[in-house]
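These notes concern the structure reproduced below.
Letters A, B, ... mirror the listed sequences (proteins, then strands); counts begin at 1.
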Protein chains: 2
Amino acid sequence: MIRIGDLATRAGVSVRALRYYEEQGLLYATRSASGQRHYPEAAVDRVRLFQQLYAAGLSSRTIATLLPCVDANEPDEESTALLVSERDRIDRQIEDLIATRDRLTAVIGSSKQECRHPSVPQKTSRTTGQPAHV
Amino acid sequence: MIRIGDLATRAGVSVRALRYYEEQGLLYATRSASGQRHYPEAAVDRVRLFQQLYAAGLSSRTIATLLPCVDANEPDEESTALLVSERDRIDRQIEDLIATRDRLTAVIGSSKQECRHPSVPQKTSRTTGQPAHV
DNA sequence: CTAAGACCTGACGTTGACGTCAGAGGCAAG
DNA sequence: CTTGCCTCTGACGTCAACGTCAGGTCTTAG
């Protein structure tokens, strides 16, 4: 069993965030006799999943709705619709981000080529199969 | 010359947003004798650019810093560094979103295939060249 | 035993991009 | 001229995901 401070460190979030997740119905903890929270090992991955979903623009409420579906791997009709709509929203967001990325890259490359370095490969051709047409 | 209400409609934002952009130093308007704002045609595209950059996670301050650079197409050293760091951040965000999208798609497809419809093509293979490996 | 940390609840503060409301003025149509 | 819509400034409200602080309890190393 993991204590809240250790979970926070291992999952890369704050203690406050973990209590907030519990408040939102996302994370459950057993309590010791004195009321301290104890988490199973699996909580680390679960919290990382929350971070991933938050980063993708899902709200606490949406995550709470989808959690039983993701856990049990048996989405009902309502949850599936929500899943699909969120997935499609993320799809559109990816497309928008690619367009913005290409636009920034065009500005960067407009007067200097020296900024190119191998740690950031060009992905436009990989994702669209077409050269940039800004 | 366009009035603020028309610009808002044509650019797809609120009047309040336009005044906010001006407050942040992003958008300038000439004023009539009575103080009403008038915008040139180019303001429509400019406002749409703001929306695109906001959607990519840039703040008003960052946009304000990069604007002269993007306008003049002659980035100085500092602006270029900021441009590159924002571009790289967007790159990482795209990667994260693709991973999340694939994860949601996997959950969707885990027990039902009927959800597949042609308006949302699979893009994983186009972007990674590999099948999903959740 | 005791002092330093970790933990508890409760509650107010923060931030960014606006929403909303109040009160006052401008402007073309009828 | 007045009616109705647009615009102005100024200022407070909103919302989500936490940050931070207060005041108290628990636990553990020494």
Heavy atoms of other groups near B/R48 CZ, more than 12 under 6.0 Å: yes
pair A/L27-A/R46: side-chain heavy atoms closer than 4.5 Å: yes
Test item: B/C69 and B/L83 side chains (from C-beta on) under 4.5 Å apart, heavy atoms: yes
Stepwise side chain to side chain donor-acceptor pair (under 3.5 Å) check, B/T62 with B/T65: CA-CA 5 Å; B/T62 302; B/T65 305; 6.0 Å; no
With A/S34 via side-chain hydrogen bond (donor to acceptor under 3.5 Å, both in side chains) - residues at least two apart: A/S32
Salt bridge present between A/D88 and B/R101 (N-O < 4.0 angstrom): no
Crowding at CZ, B/R89 (>12 non-hydrogen neighbours, <6.0 Å): yes
Basic-acidic side-chain contact under 4.0 Å: A/E41, A/R10: yes
Sugar-phosphate only, base, or nothing, as touched by B/R19 at under 4.0 Å among non-hydrogen atoms: base
A/R31 with A/E22: basic N within carboxylate O range, under 4.0 Å: yes
Sorted by number, the residues of residues 4-18 of chain B with heavy-atom contact under 4.0 Å to DNA chain D: B/I4, B/G5, B/R16
A/D76/A/S79 under side chain to side chain donor-acceptor pair (under 3.5 Å): CA gap, chis, key distance, verdict: CA-CA 5 Å; A/D76 56 38; A/S79 297; 2.9 Å; yes
All pairs passing ring pair (Phe, Tyr, Trp, His ring centres under 6.0 Å) where residues 47-88 of chain A contributes a residue, at least two apart: A/Y21-A/F50, A/Y21-A/Y54
Any residue of residues 37-71 of chain B with a heavy atom less than 4.0 Å from an atom of DNA chain D: B/R37
Members of residues 20-34 of chain A that approach DNA chain C, where some heavy atom sits under 4.0 Å away: A/R31
Main-chain N/O of B/Q24 paired with B/S60 side-chain donor or acceptor, under 3.5 Å: no
Contact interval (first through last nucleotide) of DNA chain D with protein chain B, 4.0 Å heavy-atom: D/dC6 to D/dA11
